[in-house]
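Small disclaimer: the values here were computed from a predicted structure and weren't measured.
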Amino acid sequence: MCYGVVPPAATEWAFELLLNESKGNSWVFKRDPDIRWSLPLTTSRTTSDIPYLNPEIVLLHKAGRNIPKDQSDFEQTVDRLSSTAVKRMVDALEIIHPAHPWLERLAHDPVALYETA
């Protein structure tokens, strides 16, 4: 489920809340319950200790839509993903969207190929 907050007189969301499911110590992808990751792998924290959902999970949700904003978010984020994040994302995309165009870009990402997680 996704909820957004739009301030009065604004045309865009101020922020978005993405509610995710879990079972035990595993995050469960809402579009395919066979895709599960350990809960500690789903979030990180800013230098101010504010938790946020890891980008590969956000992108995985966006992969189901084909809109320019999601493509732009992917392009701005892909080079910053760790090799572990890329692998998790590729594994999940191959299950839910096996012909997704992002798979080719992820497979040829030089940072992901040479970085150690």
Side-chain angles (χ1 to χ4, degrees):
M1 224 174 253
C2 179
Y3 296 96
V5 175
V6 181
T11 58
E12 295 188 20
W13 291 6
F15 65 91
E16 179 180 9
L17 298 173
L18 185 61
L19 302 179
N20 287 273
E21 297 182 26
S22 64
K23 185 168 185 170
N25 197 32
S26 295
W27 165 81
V28 180
F29 187 50
K30 68 181 179 180
R31 295 187 182 126
D32 189 324
D34 289 335
I35 298 172
R36 297 169 180 246
W37 297 336
S38 173
L39 279 175
L41 298 176
T42 62
T43 59
S44 295
R45 292 187 173 272
T46 66
T47 55
S48 301
D49 205 35
I50 298 169
Y52 63 91
L53 196 58
N54 282 340
E56 64 272 21
I57 292 178
V58 176
L59 290 173
L60 191 57
H61 282 91
K62 290 174 170 274
R65 305 183 305 185
N66 186 20
I67 61 173
K69 167 96 173 82
D70 294 340
Q71 182 63 35
S72 175
D73 290 347
F74 173 76
E75 292 298 332
Q76 292 179 45
T77 307
V78 67
D79 291 332
R80 298 176 183 165
L81 295 175
S82 70
S83 59
T84 303
V86 168
K87 179 165 179 9
R88 284 194 301 261
M89 195 169 167
V90 165
D91 290 348
L93 281 174
E94 286 177 342
I95 293 169
I96 59 169
H97 302 295
H100 201 288
W102 291 356
L103 284 167
E104 184 176 346
R105 173 69 170 87
L106 290 165
H108 295 96
D109 182 16
V111 172
L113 293 175
Y114 299 108
E115 176 187 279
T116 56

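R36 approaches P33 most closely through the heavy-atom pair NE-O, 3.0 Å. Nearest heavy-atom pair across L39 and G24 is CD1-O, 3.8 Å.
Atom CG of residue D91 and atom CH2 of residue W37 lie 8.5 Å apart, to the nearest 0.5 angstrom. Atom CZ of R31 sits about 7.0 Å away from atom CD1 of I96, to the nearest 0.5 Å. Once rounded to the nearest 0.5 Å, the distance linking OG of S82 with CZ of R88 reads 6.0 Å. Note that CG of D70 and CG of L59 are 8.5 Å apart. Values are rounded to the nearest 0.5 Å.
Partner of D73 under the side chain to side chain donor-acceptor pair (under 3.5 Å) criterion, chosen from Q76, K69, Q71: K69.
Both L103 and I95 are assigned to one and the same hydrophobic cluster, defined by single-linkage of ILVMFWY side chains at heavy-atom distances under 4.5 Å. Linking Ile, Leu, Val, Met, Phe, Trp and Tyr residues whenever their side-chain heavy atoms come within less than 4.5 Å leaves L41 and L53 in two separate clusters.
Under the ring-ring contact (aromatic ring centres under 6.0 Å, His included) criterion, F29 pairs with W27, H61, not counting sequence neighbours.
Residues I35 and V28 form no side-chain contact, since every pair of their non-hydrogen atoms from C-beta on lies 4.5 Å or further apart. Annotation: side chain of N25 is in contact with side chain of P40 (closest heavy-atom distance under 4.5 Å). Side-chain contact check for T43 versus Y52: every heavy-atom pair is 4.5 Å or farther apart. Under the 4.5 Å side-chain criterion, counting only non-hydrogen atoms from C-beta, R105 is in contact with D79. The closest side-chain heavy-atom distance from R45 to I50 is not below 4.5 Å. Side chains of E56 and L60 form no contact here, defined as non-hydrogen atoms less than 4.5 Å apart.
A donor-acceptor pair under 3.5 Å links the side-chain atoms of H100 to the main chain of A63, judged by distance alone.
No donor-acceptor contact under 3.5 angstrom links the side chains of T42 and N54, judged on distance only.
Identified under the ring pair (Phe, Tyr, Trp, His ring centres under 6.0 Å) test for residues 73-94, with sequence neighbours left out: F74-W102.
Under 4.0 Å is where a charged nitrogen must lie from a carboxylate oxygen, and between E21 and K30 no such pair does.
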Inset, instruction - Apply side chain to side chain contact (heavy atoms under 4.5 Å, CB included) to T77 and V58, showing your working. - result: CA-CA 10 Å; T77 307; V58 176; over 6 Å; no
